[in-house]
Amino acid sequence: MPSMPKRIKFRKQMRGRLKGNATRGNYVAFGDYGLQALELHWVTARQIEAGRIAAQHFLRRQGKVFIRIFPDKPISKKPLETRMGKGKADTAYWAARVKPGTMLYEIAGVPELIAKEAFARIAHKMPVRCRFVRRRLAV
Amino acid sequence: MPKTPSITATTRERTGSRYAQRLRKQGRLPAVIYGHETDPMSISVDEKEMLIHLKHGTHVLSLNVEGGSKETCLVKELQFGYLGDNVIHVDFARVDLDEEVHVHVHLNFVGEPASARKTGAILSHDLTELEVICKVNEIPDEIRVDLNLMEEATVLTVGEVPLPPGLRATAHPGTPVAHISFVHKEEAVGEEVEVVSGAEEPEVITEAKPDEAESGEGGTST
């Protein structure tokens, strides 16, 4: 089931604007390998869930998949054949804001080749260009 | 203790992001040396050479700075580019070889515990590096963690990891290094549950509840 927040402060949000690069959540933190976004976009809760299912079907019981983004932005949409006005529409779906550099998913406990294949399947479900990354150098 | 590798460095006469950018285009990596109550020095090192040492887990380097001075330095911090993986700047701290320092050492996991071979078992590494206190000349490139030590246990803690002599871990001995979890249900792996649209909505914490709204209206109307 697509995820969404349990408690929110306000029911609707302004659209906002995506710009710049990710300055947080832009490195592999939990797993061994990661899938990194290279473009900015709203990724819907359904797309995130589709990616998780694609990876877990492929991995079966091996490894662990970490989802690094959460859809916390409500997106409203007016019903079809509705006249303009009469206030802001109800929430249609939830989305995560993704900027270049954002780590979308991480995988731990599987060999690199299997992780690459799993990420290729996830990348097909994503609305952004992605790339495979390893853990970065640490001192 | 591995032998301290030595690299050559040149001083940077002009500092700032534009000049640093030009250096990077020439294959140099901007860096700074500080510590031991001496003035900081802006330098640049060969990028390829530096990255090779970093990939091998080197912590201490002997820098031959152009102009004659030789400094023994600890790689203190790395700065990464906008996608979070390319090194764009290095901080070196001057150290003495018998000085005690805090460093993060990479953990190299080897072997497979017996409990990880059971059906549905997933081995997860909770830590990939461990912060240790040791003398500069005793810093290892990596710490080898033999997972066979776990045997039938499901958790390996920091206290159970045998450290090389002279090293002390800063983390609590009970902190897990690796653990084994089990997947029980077949459907837990990637099954999609049918979604009923609008079935669930998040709770709006600022919204007045029906009872409060009524009482609030009564209060204001008077």
Side-chain angles (χ1 to χ4, degrees), chain A residues 1-2 4-12 20-32 34 36-38 45-46 49-50 52-66 72 74 90-94 99-103 108-110 131 133-139, chain B residues 50-51 53-59 74-78 80-87 90-93 103-107 109 116 119-126 128-129 139 178 180-183 186 188-207:
Chain A
M1 188 171 166
M4 66 169 82
K6 281 181 188 150
R7 297 164 77 231
I8 50 171
K9 204 162 181 184
F10 302 106
R11 202 176 283 279
K12 293 167 189 176
N21 301 311
T23 54
R24 306 165 68 180
N26 60 356
Y27 58 92
V28 180
F30 301 99
D32 303 323
Q36 191 176 42
L38 296 172
R46 276 175 171 271
E49 180 68 2
R52 182 191 70 82
I53 291 168
Q56 288 192 331
H57 265 230
F58 176 74
L59 292 173
R60 290 284 159 196
R61 285 177 172 202
Q62 302 173 59
K64 190 173 167 71
V65 178
F66 298 88
D72 60 350
D90 288 335
T91 301
Y93 58 94
W94 292 80
K99 291 179 173 187
T102 306
M103 204 56 65
V110 292
R131 70 168 186 169
V133 285
R134 295 177 191 88
R135 249 180 199 278
R136 72 185 187 186
L137 295 166
V139 287
Chain B
M50 189 65 211
L51 289 179
H53 289 306
L54 289 175
K55 279 177 186 166
H56 285 100
T58 308
H59 286 86
L74 178 76
V75 182
K76 192 80 178 167
E77 201 176 322
L78 299 176
F80 294 91
Y82 83 100
L83 284 175
D85 59 351
N86 57 326
V87 181
V90 188
D91 280 19
F92 292 106
V103 282
H104 290 264
V105 182
H106 178 71
L107 297 177
F109 293 94
T119 330
I122 297 172
L123 174 68
S124 310
H125 302 153
D126 299 300
T128 53
E129 56 189 42
I139 301 173
I180 294 164
S181 50
F182 293 91
V183 179
E186 189 70 39
V189 184
E191 288 301 315
E192 195 172 13
V193 182
E194 215 172 278
V195 183
V196 184
S197 60
E200 270 189 33
E201 275 201 4
E203 179 197 349
V204 183
I205 55 175
T206 50
E207 204 165 65

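Letters A, B, ... are given to chains in the order of the sequence lines, protein chains preceding strands, and every chain is numbered from 1.
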- Residue pair A:Asn21 / A:Lys99, side-chain heavy-atom distance below 4.5 Å: no
- Below 4.5 Å from any heavy atom of chain B, which atoms of A:Lys6 appear? Answer side chain, backbone, both or neither. backbone
- Cationic tip of A:Arg136 above B:Phe80 ring, under 6.0 Å, 45° of axis: yes
- Residue B:His106 versus chain A: region with a heavy atom under 4.5 Å: neither
- chain A heavy atoms under 4.5 Å from B:Val75: which part of the residue, side chain, backbone, both or neither? both
- Among A:Arg7, A:Arg134, A:Met103, which has the most heavy-atom pairs under 4.5 Å with chain B? A:Arg7
- Task: Sort B:Leu83 into side chain, backbone, both or neither according to what part of it lies under 4.5 angstrom from a heavy atom of chain A.
- Result: both
- Portion of A:Ala22 that has a non-hydrogen atom of chain B nearer than 4.5 angstrom: backbone
- Query: Side chains of A:Asp90 and A:Lys12: closer than 4.5 Å at any heavy-atom pair?
  - Reply: yes
- Query: Which region of B:Ser181, side chain (C-beta onward) or backbone (N, CA, C, O), has a non-hydrogen atom less than 4.5 Å from a non-hydrogen atom of chain A, or is it both or neither?
  - Reply: neither
- Item | More than 12 heavy atoms from other groups under 6.0 Å of OH on A:Tyr27 | no
- Query: Quick one: do A:Arg52 and A:Glu49 make a salt bridge, cutoff under 4.0 Å?
  - Reply: yes
- Under the side chain to side chain contact (heavy atoms under 4.5 Å, CB included) test, which residues partner B:Asn86, sequence neighbours left out? B:Ile88
- Okay, B:Val87 and chain A: the region with an atom under 4.5 Å from a heavy atom over there is side chain
